[in-house]
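Counting convention: from 1, in listed order, for ligands and their atoms alike.
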Amino acid sequence: MTALPSQPNGRNSKLVEVRNLVKYFPVRGGVLQQVVAHVQAVDDVSFEIIEGETLGLVGESGCGKTTVGRTMLRLEEPTSGQVLFSGVDTLSLKGDDLKRLRREMQIVFQDPFASLDPRLPIGESIAEGLIIHGAGNARERYAQVIEALGRVGLEVYHANRYPHEFSGGQRQRIGIARALVMSPRFIVLDEPVSALDVSIQAEVLNILKELQDSMGLTYLFVAHNLAVVEHISDRVAVMYLGKIVEVAGRADLFHNPLHPYTQALMSAIPMPDPTLKRDRVILKGDVPSPLNPPSGCRFHPRCPIAEERCSVEEPLLRELKPGHTVACHFADQFVMS
Ligand code: SF4
């Protein structure tokens, strides 16, 4: 498991621990609709998130990163594994205990518009969670909604407007306000800026940073865009076909990626200076189906340095530098001091 570096804020206690998380989705077929196969969306994933930090979870679409976030919040029930929040096994909670946990662990979706009722003023949509949890009276809830709107840079009068009256960036602020109003400690940000223009992306990312600083929030930031992840994350975990293949501090990962898959992802990031060029690594083939993942290292059919061993022996995550783990038999050759 990755060693935990001390954070700039002096904290290094684990708020979230994911242990050996597995999520398979059954595929049914035939007249009797029997289970004929499983989509292995998440397969034996473990990581930790330190209180107050942002862990970026990055990978191509379909790699299982969104399923990890949803399973941690029990929007999907896991097939097996553990998710500890402040040391409590969240998967064993039921009833009121689970309800309390849901206040502390919130999610912001990629498309906030889809989760807002078009017939409700957004003030009412934001208050929905408070009502479900029986928090305060109407006046107190209204005050909390206004406070949450203010935190994301929206005005009091916005509470009475309807979703279609807002721009994409404003809608995402509403999505964030909806999570904030519950006073969470931990938020899964599921591709929160992917649908936004670049200039608006920066605005929303800055709001998220400010909120983290002022409220001590802990984030899991799920994204496919490495440049966005670099901007906001303290540490980054890279996923490929249901597995975590590399975890490192942001600077270390971007300076010295050790897994061939991470190296390929990095090589596709445009350089800010057009006179500089990276050697682009073009991966062969498409991502294999999670219905029938390759044996051994799941990356082996596309890996530019694969050897025979890779197709038979699954590489385990190994710590090759302090706080930098990688699942590759031959990654030692890439370690820079
Ligand atoms: Fe490539 Fe083999 Fe390393 Fe997998 S274990 S990333 S196939 S070299």
Side-chain angles (χ1 to χ4, degrees), residues 1-3 18-24 38-48 55-68 81 222-227 229-230 233 235-269 278-337:
M1 189 147 290
T2 310
V18 173
R19 294 186 186 160
N20 309 105
L21 191 70
V22 173
K23 177 64 187 175
Y24 288 178
H38 285 95
V39 173
Q40 300 179 24
V42 176
D43 199 5
D44 199 12
V45 160
S46 300
F47 60 86
E48 304 152 341
L55 178 71
L57 185 59
V58 71
E60 290 164 288
S61 67
C63 71
K65 57 192 189 302
T66 288
T67 307
V68 168
V222 176
H224 66 277
N225 183 331
L226 271 177
V229 166
E230 183 178 15
S233 305
R235 291 185 304 131
V236 181
V238 181
M239 271 191 90
Y240 182 80
L241 209 56
K243 299 266 186 194
I244 288 194
V245 296
E246 188 161 7
V247 185
R250 173 192 48 193
D252 197 21
L253 188 92
F254 282 82
H255 172 66
N256 184 198
L258 298 180
H259 195 282
Y261 176 63
T262 315
Q263 292 166 356
L265 288 181
M266 297 281 178
S267 77
I269 304 177
R278 286 183 223 266
D279 289 334
R280 179 89 194 263
V281 181
I282 309 281
L283 295 175
K284 50 190 174 185
D286 294 325
V287 183
S289 166
L291 264 174
N292 187 19
S295 60
C297 174
R298 291 186 174 190
F299 188 55
H300 84 260
R302 305 176 76 198
C303 180
I305 62 162
E307 296 190 19
E308 216 175 306
R309 177 182 174 194
C310 304
S311 62
V312 286
E313 192 183 326
E314 181 179 344
L316 301 176
L317 278 168
R318 298 179 295 140
E319 188 169 40
L320 294 191
K321 293 166 82 177
H324 194 153
T325 55
V326 59
C328 170
H329 298 307
F330 304 113
D332 307 60
Q333 61 186 299
F334 302 119
V335 175
M336 297 194 293
S337 50

Side-chain touch [X]/[Y], heavy atoms, less than 4.5 angstrom:
{"X": "Val68", "Y": "Phe47", "result": "yes"}
{"X": "Phe330", "Y": "Arg309", "result": "yes"}
{"X": "Phe334", "Y": "Ile305", "result": "yes"}

Which of the atoms of ligand 1 are close to [X], meaning less than 4.0 Å from one of its heavy atoms?
{"X": "Ile305", "result": "8 (S)"}
{"X": "His259", "result": "6 (S)"}
{"X": "Phe330", "result": "8 (S)"}
{"X": "His329", "result": "3 (Fe), 5 (S)"}
{"X": "Pro260", "result": "6 (S)"}

- Task: Check whether the ring centres of His259 and Phe299 lie less than 6.0 Å apart, and answer yes or no.
- Result: yes
- Message: When you measure from atom 4 (Fe) of ligand 1 to the N, O or S atoms of Cys297, does any of those distances fall below 2.8 Å?
- Response: yes
- Task: Grab the two heavy atoms, one from Arg298 and one from Tyr240, that are nearest each other, plus how far apart they are.
- Result: O-CE2, 3.5 Å
- Tell me which protein heavy atom sits closest to atom 3 (Fe) of ligand 1, plus the residue, atom name and distance to 0.1 Å. Cys328 SG, 2.3 Å
- Message: Quick test: of every protein heavy atom, which one is nearest to atom 2 (Fe) of ligand 1, and how far off is it to 0.1 Å?
- Response: Cys310 SG, 2.2 Å
- Query: Considering residues, nucleotides and ligands other than Gln333, do more than 12 of their heavy atoms fall under 6.0 Å from its CD?
  - Reply: yes
- Message: Could you go through Met266 and Thr262, starting from their C-alpha distance and side-chain angles, then the distance that decides it, and tell me whether this counts as side chain to side chain contact (heavy atoms under 4.5 Å, CB included)?
- Response: CA-CA 6 Å; Met266 297 281 178; Thr262 315; 3.8 Å; yes
- Query: Can you tell me if an N/O/S atom from Cys303 lies under 2.8 Å from atom 1 (Fe) of ligand 1?
  - Reply: yes
